[in-house]
Amino acid sequence: MGSAKLKIGGAWSGVLEVELEEWTVLMLREEVAKRSGHGGGPETINLICAGKLLKDGDGTEKLSQLGVRNNAKILASRVSVDQGKSVKEESLAEEERSTRLSRLKAAAVSLSARHADGSLPVEDFNLELENQSGQKVQLGSETDQRAIMMGLMLHANAKALMRKKKYKEALEVLTMGEEAFSLCDQKLIEMVDNVPILQIDMVWCYFMLRDISWLSVAGVRLAKAREGLERSHGKEASRLRLLQKGRYPEIALHLRLELLEGVVAYHSNQNEKSRKSLTSAQTKFLQLQIPDEALSLLLGMGYKERDSKRALRMNNQVVENAVDFLVEEKEKKARKRVDDLKRQKEIMEQKCYGTTPLGKAVDIERLNELVSIGFEKELAAEALRRNENDTQKALDDLTNPEANSSIQIHIESRKKKRLRQAANASIEELVSMGFPRETAAAAIRSLGTRQAAIDHLLQGTINTAAAGDHNVDNTLPNDQGGDGIANDPLSNDQSEDGSGTNAGSSIDGGPSHNKVETRDVEMEDEITGELLKGDAYSDYDIEVTEEGEAINEYLALITVGVNVEIGSSS
């Protein structure tokens with residue numbers, strides 16, 4: 001039988017003449033590895049033909065038996081090989097990854113629930129949805145807020161994995177993010193570009209894994225992504241351009257989209273469609289190349305290289321616009337720091353007021369409204385707390401003499417309790433330092449502050465006999481103060497700031513509406529850390545080096561195919 005021609009592209013590009021009835025996959029991989037001149041053995045080469053990865057099998061199957069035909073196009077990609085992994089180690093790694101994914105999902109569910117329903121945050125920050133201008137937005141119901149928040153958390157985590165080249169793990173997290181977004185009202189989702197970008201990221205992971213088995217679903221995802229981007233950005237990004245004051249943040253994103261569309265078209269034997277997409281992507285790639293002169297100018301002004309490149313890419317390489325962008329971003333970050341500090345203080349203030357019967361934090365905006373019309377702040381806060389932040393009901397209590405008096409009595413009781421709790425804590429600290437309990441209690445009661453008590457105890461000026469005369473009970477129960485008021489809402493299970501495990505108890509001593517939650521602090525910190533590092537442009541900030549290499553690779557594949565076809569017809 002005569003020889004057949006195979007068009008190879010990727011790690012090595014050219015045409016091979018082989019005997020399909022004689023050659024095995026291993027023989028083909030050995031030949032490609034040898035011709036690529038990279039120095040690696042055949043185990044470093046993957047071969048993909050007609051959307052399928054060619055596998056060695058038992059080593060006896062011939063290329064013809066695997067469906068390889070004359071003039072077939074084969075993509076050769078180089079892979080790293082870790083020969084040291086045993087089956088047991090791979091199994092353990094899989095189990096560890098599965099456990100991590102479960103922890104990640106549970107942490108995202110917990111965080112989104114806490115930060116979307118108005119509960120008092122256990123952290124010193126709030127996770128809030130913002131638009132591209134950095135303004136807080138309220139999208140839909142509490143369920144919608146929770147779904148979007150969870151999707152954003154998982155997407156951010158997946159992007160971090162993608163930056164580390166952990167595409168398989170990233171793909172699993174992106175799938176969970178897609179599931180979270182699907183729980184939101186679709187009319188709301190269509191207003192934003194987060195889901196289309198997630199779809200593009202998923203297909204990018206398929207591509208980086210060289211997993212062409214996802215070819216059909218990749219095409220569907222890319223079609224949805226293009227449709228979603230046009231819906232949220234406007235036709236030819238007209239709406240986005242208006243919002244971004246003429247800037248071009250989306251070019252890198254569209255470059256990746258067109259590259260992936262070209263790859264899918266190529267593997268679907270649609271060469272002309274593939275060439276069109278890849279050529280358009282190549283034009284955008286060239287458009288994003290940073291001129292040395294422009295970069296030097298920005299570096300000379302004191303800007304960091306990464307920030308300078310980002311600014312130039314976002315502003316079509318116009319230096320003046322890039323400088324304006326950098327100045328605006330600096331001002332935006334400064335405002336955010338101020339807002340974050342303000343919010344931290346508000347959270348600390350909210351913790352002082354405790355939580356409502358349903359476990360919500362006191363609404364600071366509504367509190368400030370009541371204060372602005374003349375009510376004392378602590379009184380107004382307690383009225384809101386008792387009434388689930390219902391301003392009208394709080395006003396009714398504040399203007400009702402009997403209810404107002406009840407609130408004042410409660411506040412005084414709470415203050416006394418806090419003083420007792422603080423005193424007991426100081427006494428325990430002094431006892432741990434070696435002072436007799438009676439002496440420590442007398443010192444704290446007489447002098448008020450821990451430091452003053454320590455100074456006097458060290459000087460030996462406290463008469464320990466006085467402790468016996470006064471018979472101080474330094475372990476007063478927290479459910480009853482010296483004024484005989486019992487059932488204070490600040491129970492043993494709740495800290496002074498109202499953020500304890502029983503923060504949802506009603507003021508009448510009713511059952512708690514909050515369950516004690518076990519937090520995965522490590523995983524929550526990982527999620528929030530990625531979110532807090534991002535900004536409005538993070539999704540568009542793509543280094544396009546790998547995209548440029550892939551564009552050239554696939555354009556070369558198409559060129560090789562055309563040249564061979566022309567040569568064979570002449």
Side-chain angles (χ1 to χ4, degrees), residues 8-14 36-38 45-46 48 73 75-80 159 161-167 170 197 199-212 218 222 225-226 229 237 247-267 270-296 298 305-318 322 537-562:
I8 312 295
W12 174 78
S13 295
S36 70
H38 194 268
I45 297 294
N46 268 351
I48 298 169
K73 293 183 288 186
L75 174 64
S77 61
R78 196 173 304 282
V79 295
S80 61
K159 281 185 173 294
L161 291 169
M162 290 168 68
R163 287 193 293 271
K164 297 173 185 175
K165 312 298 182 186
K166 295 183 178 180
Y167 296 107
I197 292 172
Q199 298 274 8
I200 294 170
D201 285 343
M202 292 184 83
V203 180
W204 180 250
C205 287
Y206 301 156
F207 176 68
M208 295 306 289
L209 290 168
R210 299 295 182 176
D211 190 352
I212 309 300
L222 292 175
R226 180 169 287 282
L229 287 177
R247 294 186 177 121
Y248 298 80
E250 81 290 350
I251 293 179
L253 184 66
H254 280 270
L255 183 159
R256 180 176 282 184
L257 172 62
E258 289 176 349
L259 161 62
L260 293 171
E261 288 174 333
V263 170
V264 169
Y266 173 81
H267 287 289
Q270 297 175 304
N271 279 10
E272 195 51 44
K273 182 179 179 181
S274 177
R275 184 196 302 280
K276 184 178 178 182
S277 294
L278 292 169
T279 303
S280 179
Q282 189 176 53
T283 301
K284 290 180 174 61
F285 175 77
L286 295 174
Q287 187 180 345
L288 289 171
Q289 299 311 296
I290 307 296
D292 291 339
E293 301 81 4
L295 182 60
S296 294
L298 293 182
E305 183 177 354
R306 186 184 180 282
D307 295 337
S308 300
K309 286 183 175 180
R310 184 194 205 203
L312 287 166
R313 281 199 302 268
M314 299 281 177
N315 290 276
N316 212 20
Q317 319 300 346
V318 179
Y537 294 100
S538 295
D539 285 334
Y540 309 107
D541 189 16
I542 302 173
E543 286 286 346
V544 293
T545 304
E546 291 175 317
E547 283 81 353
E549 293 171 355
I551 290 168
N552 291 333
E553 176 184 335
Y554 273 84
L555 282 174
L557 282 172
I558 294 174
T559 302
V560 167
V562 170

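When reading the values below, keep in mind they use all heavy atoms of this one structure, side chains included, and skip hydrogens, waters and symmetry mates.
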Point to revise | Heavy-atom closest pair, residues Ile48 and Arg210 | key: CD1-O, 3.5 Å

Check your understanding: Are side-chain heavy atoms of Arg313 and Ile542 found at a separation under 4.5 Å?
Key -> no

Review point. Any Lys/Arg nitrogen of Lys309 or Glu305 sitting under 4.0 Å from an Asp/Glu carboxylate oxygen of the other?
Key: yes

Check your understanding: Do the side chains of Leu257 and Arg226 get nearer than 4.5 Å, heavy atoms only?
Key -> yes

Point to revise | Pair Lys284 + Glu547, salt bridge at N-O below 4.0 Å | key: no

Check your understanding: Hey, are the side chains of Tyr167 and Met162 touching, using non-hydrogen atoms and a 4.5 Å cut-off?
Key -> yes

Check your understanding: How long is the span from the CD atom in Glu250 to the CG atom in Leu229, to the nearest 0.5 Å?
Key -> 9.0 Å

Revision key, fill the gap. Closest heavy-atom pair, Ile558 versus Ser274, reported as atoms and distance to 0.1 Å, is CD1-OG, 3.4 Å

Check your understanding: Rounded to the nearest 0.5 Å, how far apart are CD of Glu543 and CZ of Arg306?
Key -> 7.5 Å

Check your understanding: Does a side-chain heavy-atom distance below 4.5 Å link Lys73 with Asn271?
Key -> yes

**Study point:** With Arg256, the side-chain contact (heavy atoms from CB on, under 4.5 Å) member among Val544, Ile200, Ile197
**Key:** Ile200

**Study point:** Test: Asp541 and Lys159 ion pair at under 4.0 Å
**Key:** no

Point to revise | Closest non-hydrogen atom pair between Ala322 and Leu312, with its separation | key: CB-CD2, 3.9 Å

Study note, to complete from the structure: Shortest non-hydrogen pair, Arg310 vs Ser538, comes out as NH2-N, 3.7 Å

Revision key, fill the gap. Rounded to the nearest 0.5 angstrom, the CZ-CD distance for Phe207 and Glu546 is 9.0 Å

